[in-house]
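See below for the structure under consideration.
Chain letters run A, B, ... following the sequence lines, proteins first and then strands; every chain starts at 1.
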Number of protein chains: 2
Amino acid sequence: MRDRTSSVARAGRSPAAASLDLVCCSAEHRRLVVAVDVAARGPASIPWQALDPSVGLDAAAARLARERLGRAPAWIAALGAFGDQRKHPSQAALSVGYVAVVPMGTAAPVGMVWADVTDLPALPARQAAMVTAAVSALRDRMDLVPIAFRLLPSEFTLSELQEMYELLLGRRLHKASFRRALQGAYLVEPTDSWRSEGRGRPAQLFRYAPRRRRGHRRSVRFELLT
Amino acid sequence: MRDRTSSVARAGRSPAAASLDLVCCSAEHRRLVVAVDVAARGPASIPWQALDPSVGLDAAAARLARERLGRAPAWIAALGAFGDQRKHPSQAALSVGYVAVVPMGTAAPVGMVWADVTDLPALPARQAAMVTAAVSALRDRMDLVPIAFRLLPSEFTLSELQEMYELLLGRRLHKASFRRALQGAYLVEPTDSWRSEGRGRPAQLFRYAPRRRRGHRRSVRFELLT
DNA sequence: GACTTTAGTAGCTAGTCGATACTTATTAGG
DNA sequence: CCTAATAAGTATCGACTAGCTACTAAAGTC
């Protein structure tokens, strides 16, 4: 009985001091999507609960994800604190956001739908800001953390992997260069399986299996935008 | 009268629901340093205040920085929410952290000292975690945001700039490569001044003056650590 | 069996990165 | 004054990288 309703509407007490919100991302039809709750009466929202001060933030977020998704996310990370936008279903002045990722093909839990991040339903302002921040976080961290791999099933073709990178980067990549870089990074290993999907030559399936490689330190990059 | 004492110790009321904390970084003697409050009775701490729900987070952090540093920071950004460590001077269950940067050479405000981040005094656990996160944030964002330039005075030599990058990266850089990359980025412009400091040839002074350059998209990097 | 489609590879070229080695300008010291 | 020392700044070379065009391979379609 530790769900949203019981925490917030617990009689006439004042609303919780803070909320914990989850932006759960996945991919579908070559689109980045986010889990949106449409079952409840009232407007759409992303999963949230009142923040329980007696539980650690990371643990609470992991549990919220498990409860609302029906499975442990493939990846989860803190997004930050949000309070500059006033509107939030909890009425709390402060919200703590987390991003999670589940593999593409995961069915949306009952009462929820996968919404294209470029075409979201109307969300409370603070939650909309969290979704924007989550997408940026995925893009920013994708080459430090294996986010693209978490968005794929455990076995995948190199073309699928490249498509996922293209989706996250928002631009096309060159096939040969992509594979050369991937080879040099020792991140995947081939399986014995092949997948033939309609036309064309069948593709070999790979799995994510990073090997320790010598610490090739990257050079200074002046990518300053402003 | 909007300082820490009045907010927290305001009679017998319960402690604030959340605190706002500031990790203010600078550089000194080729070391990254952070502003630590040592004046108050009790153990050392970094600046903080009870979070006022009626003010926006960013605005409140900017004001906290101005008030406690005596000047506007050269850069400030959100760090995130912290609640997994229990110990915090406010007793609040939740804290929101911000990182700020002031140029090297800025005098420490009264009651505060610059403490080497690699040799910190004992801080409340949650604040110590914030300092660690702040240093990581500076390192992670330094090539997207001009953090090194904000840590320097408005005019600087290229050797000083390189030292600052080396400080943030934690490793030595090659002089010619560094300057070549800098040149290609169109980030600095020379001034008419030269600085001769003891021995050796005088160095020309530069200022940060980024020019729009064509959007040279960077290639995919597989820097995955795990 | 020719054509289409997709997977995967090879080789060329332009540019990048780091090293060594050099020139220039100043102070220190005889 | 002349030389050594020190630090700023430049030039050039070779290894490596990234992206391009073009190719081969294996399946389905007609």
(message) In whole Å, I'd like the distance from the CG atom of Leu182(A) to the C1' atom of dT17(D).
(response) 16 Å

(message) Without decimals, in angstroms, what is the distance between His174(B) NE2 and dG14(D) C1'?
(response) 13 Å

(message) Strictly below 4.0 Å: does Ser177(B) bring a side-chain N or O up to OP1 or OP2 of dG18(C)?
(response) yes

(message) Strictly below 4.0 Å: does Arg199(A) bring a side-chain N or O up to OP1 or OP2 of dT29(D)?
(response) no

(message) For a quick check, tell me whether the side chain of Arg180(A) and the base of dG19(D) share a donor-acceptor pair closer than 3.5 Å.
(response) yes

(message) For a quick test of reading the model: is some side-chain N or O of Ser159(A) closer than 4.0 Å to OP1 or OP2 of dA7(C)?
(response) yes

(request) Before giving the answer on side-chain contact (heavy atoms from CB on, under 4.5 Å), spell out for Leu138(A) and Val101(A) the whole-Å C-alpha distance, their side-chain angles and the decisive distance to 0.1 Å. (result) CA-CA 9 Å; Leu138(A) 291 185; Val101(A) 156; 3.9 Å; yes

(request) Give Gln204(B) one of three labels, base, sugar-phosphate or nothing, depending on what nucleic acid heavy atoms sit under 4.0 Å from its own. (result) sugar-phosphate

(request) By nearest nucleotide on DNA chain C, pick out whichever of Gly200(B) and Glu160(A) is the more 5' one. (result) Glu160(A)

(request) Decide, yes or no, whether a salt bridge links Asp116(A) with Arg31(A) under the criterion of side-chain N to carboxylate O below 4.0 Å. (result) yes

(request) Find the distance Tyr165(A):OH to dG19(D):P and express it as a whole number of Å. (result) 14 Å

(message) In whole Å, I'd like the distance from the CH2 atom of Trp194(A) to the P atom of dA25(D).
(response) 13 Å

(request) Taking the six-membered ring for Trp and the full ring for Phe, Tyr or His, determine whether the centres of Phe206(B) and Phe149(B) are under 6.0 Å apart. (result) no

(request) Let me know the distance between CG of Leu158(B) and C1' of dA7(D), rounded to the nearest Å. (result) 13 Å

(request) Would you kindly give the CG-to-P distance between Leu205(A) and dG8(C), to the nearest whole Å? (result) 9 Å

(request) Would you mind reading off the distance between Glu163(A) atom CD and dA7(C) atom C1', rounded to a whole angstrom? (result) 13 Å

(message) Categorize Ala176(B) for me: base, sugar-phosphate, or nothing, with a 4.0 angstrom heavy-atom threshold over every strand shown.
(response) base

(request) Quickly work out the Arg179(B) CZ to dG18(C) P distance and round it to whole Å. (result) 15 Å

(message) Checking Asp21(B) against His88(B): is there a side-chain donor and acceptor pair closer than 3.5 Å?
(response) yes

(request) Verify whether one side chain among Ser95(A) and Arg126(A) offers a donor that lies under 3.5 Å from an acceptor in the other. (result) yes

(request) Would you kindly compare Lys175(B) and Ala181(A) by the position of their nearest DNA chain D nucleotide and give the one closer to the 5′ end? (result) Lys175(B)

